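Just so it is clear, the structure is predicted and the values come from calculations on it, not from any experiment.
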Amino acid sequence: MSEDKLWSVMRTAAILTNPKEIGIKNLSEKDISVFGVVMDIGYEEGTATLISYITGDASLYYSFGGGFVNGASKAEIKNAAIKFVTEAQEYLQKAEPVKEVSVPKLNEIFFYLLSNKGLFLLKANIEKINELSELFKTANTVISAINVYSEVKLKHKYFGFTKKA
């Protein structure tokens, strides 16, 4: 399977995750509860996707190859992922409900909020992120923690991409 096909399968599986299947119970019946975030960033090389769940699990996949899985096994990744998803709940009122997902173009950033009441989307241009900047900073904390353990490092003027030598 090609790298971009594998990335697509992994990303789709994350977006379609049933919270009960990954051990998330006791979500509100009445209120909207965010249990995960899938953040995509568009690069010239392709797309980087950060996946974080309220359980603390976090993964980072690249459509151009490579990635990192099972972040919950590392305390600093787990704590950062929980904080990211918890903070995303505060942005729910700014998000729009969506039925279909798309892939960001160059310099676009998408935050798909996974909830007990469906999928919600926040999006911005990475150079004009403004009202989403705090959420983006929290995502960066997760990515920085992952980078400590990952063979492929995400770097850039905002993040970016280089392979470890």
Side-chain angles (χ1 to χ4, degrees), residues 7-43 46-63 67-69 71-72 74-147 154 156-160:
W7 165 84
S8 180
V9 167
M10 301 293 279
R11 178 179 176 267
T12 300
I15 290 171
L16 298 177
T17 294
N18 179 324
K20 291 179 181 173
E21 291 176 1
I22 59 172
I24 300 171
K25 299 177 176 112
N26 304 323
L27 289 174
S28 173
E29 295 285 326
K30 185 175 86 172
D31 299 321
I32 301 172
S33 297
V34 174
F35 66 85
V37 180
V38 175
M39 182 184 80
D40 293 321
I41 304 172
Y43 293 97
T47 305
T49 299
L50 173 66
I51 299 161
S52 298
Y53 297 109
I54 197 69
T55 59
D57 198 12
S59 300
L60 190 57
Y61 305 122
Y62 312 106
S63 66
F68 181 87
V69 296
K74 307 293 183 191
E76 57 268 49
I77 297 172
K78 181 177 183 173
N79 294 336
I82 291 169
K83 182 178 179 187
F84 178 42
V85 175
T86 301
E87 187 174 318
Q89 179 76 40
E90 298 171 23
Y91 287 82
L92 192 56
Q93 71 278 4
K94 296 178 182 178
E96 60 184 66
V98 292
K99 299 276 186 211
E100 296 181 18
V101 297
S102 58
V103 176
K105 296 179 178 122
L106 179 63
N107 291 327
E108 284 185 323
I109 183 166
F110 292 177
F111 296 90
Y112 285 102
L113 308 183
L114 315 178
S115 84
N116 59 329
K117 305 285 185 180
L119 189 62
F120 293 82
L121 175 64
L122 297 160
K123 56 181 168 175
N125 183 295
I126 201 165
E127 295 173 351
K128 300 174 186 171
I129 198 157
N130 300 334
E131 66 183 35
L132 300 178
S133 64
E134 290 304 314
L135 187 60
F136 184 67
K137 285 178 189 175
T138 306
N140 188 20
T141 303
V142 181
I143 291 171
S144 294
I146 287 172
N147 275 345
L154 191 57
H156 185 271
K157 158 169 131 174
Y158 302 100
F159 279 38

* To do: Determine whether more than 12 heavy atoms belonging to other residues, nucleotides or ligands lie under 6.0 Å from atom NZ of Lys83.
  => no
* Calculate, to the nearest 0.5 Å, the distance between atoms CD1 and CD belonging to Ile15 and Glu100 respectively. => 12.0 Å
* Asked: Do Val98 and Tyr112 come within less than 4.5 Å of each other through their side chains, counting heavy atoms only?
  -> yes
* Asked: Can you list the steps and then say if Phe136 with Ile126 is a side chain to side chain contact (heavy atoms under 4.5 Å, CB included)?
  -> CA-CA 9 Å; Phe136 184 67; Ile126 201 165; 3.9 Å; yes
* For the pair Phe84 and Thr141, evaluate side chain to side chain contact (heavy atoms under 4.5 Å, CB included) and give the outcome as yes or no after the intermediate values. => CA-CA 8 Å; Phe84 178 42; Thr141 303; over 6 Å; no
* Using side-chain contact (heavy atoms from CB on, under 4.5 Å) as the criterion, list what pairs up with Leu132, not counting sequence neighbours. => Tyr91, Phe111, Leu122, Ala124, Ile129
* Asn26 atom CG, neighbour heavy-atom count above 12 within 6.0 Å -> no
* Asked: Hey, is Arg11 close enough to Asp40 for a salt bridge, meaning N to O under 4.0 Å?
  -> yes
* To do: Mind checking the NZ-CG spacing from Lys105 to Asn125? Nearest 0.5 Å is all I need.
  => 11.5 Å
* Does the side chain of Thr49 pick up a donor-acceptor pair with the side chain of Trp7 at under 3.5 Å? -> yes
* To do: Indicate yes or no: at least one non-hydrogen side-chain atom of Leu121 is less than 4.5 angstrom from one of Phe110.
  => yes
* To do: Kindly say whether Val9 contributes a backbone atom to a donor-acceptor pair with the side chain of Thr12 at under 3.5 angstrom?
  => no
* What pair of heavy atoms forms the shortest contact from Ser52 to Val85, and how long is it? -> O-CG2, 3.5 Å
* Between CD of Glu131 and NZ of Lys94, what distance do you get to the nearest 0.5 Å? -> 4.5 Å
* Under a 4.5 Å cut-off applied to non-hydrogen side-chain atoms, are Phe35 and Leu27 in contact? -> yes
* **Ile41 side chain reached by Pro104 side chain, heavy atoms, under 4.5 Å** => no
* To do: Dump the intermediate steps for side chain to side chain donor-acceptor pair (under 3.5 Å) on Tyr43 and Ser63, then the final yes or no.
  => CA-CA 10 Å; Tyr43 293 97; Ser63 66; over 6 Å; no
* Should Ile32 and Phe120 count as side-chain neighbours, where that means a heavy-atom distance under 4.5 Å? -> yes
* From CD (Gln89) to CD1 (Ile54), nearest 0.5 Å -> 8.5 Å
* Asked: Please walk me through it: do Glu127 and Asn107 pass side chain to side chain contact (heavy atoms under 4.5 Å, CB included)?
  -> CA-CA 7 Å; Glu127 295 173 351; Asn107 291 327; 3.8 Å; yes
* Does a side-chain heavy-atom distance below 4.5 Å link Met39 with Ile143? -> yes
* Asked: What's the spacing between Asn147 CG and Asn140 CG if we round to 0.5 Å?
  -> 8.5 Å
* Can you find a heavy atom in the side chain of Ser115 that is under 4.5 Å from one in the side chain of Leu119? -> no
* **Criterion side chain to side chain contact (heavy atoms under 4.5 Å, CB included) on Leu114 and Tyr53, from CA distance to verdict** => CA-CA 9 Å; Leu114 315 178; Tyr53 297 109; 3.9 Å; yes
* Asked: How about Gln93: does its CD atom have over 12 heavy atoms from other parts shown lying under 6.0 Å from it?
  -> yes
* Asked: Taking all non-hydrogen atoms of both residues, which atom of Ala88 and which atom of Val34 are closest, and how far apart?
  -> CB-CG1, 4.3 Å
* Asked: Can you name the closest pair of heavy atoms from Lys117 and Glu29 and give their distance?
  -> NZ-O, 2.7 Å
* To do: For the residue pair Leu50 and Ile146, establish whether any side-chain heavy-atom pair is separated by less than 4.5 Å.
  => yes
* Set of side chain to side chain donor-acceptor pair (under 3.5 Å) partners for Glu134, sequence neighbours left out -> Lys137
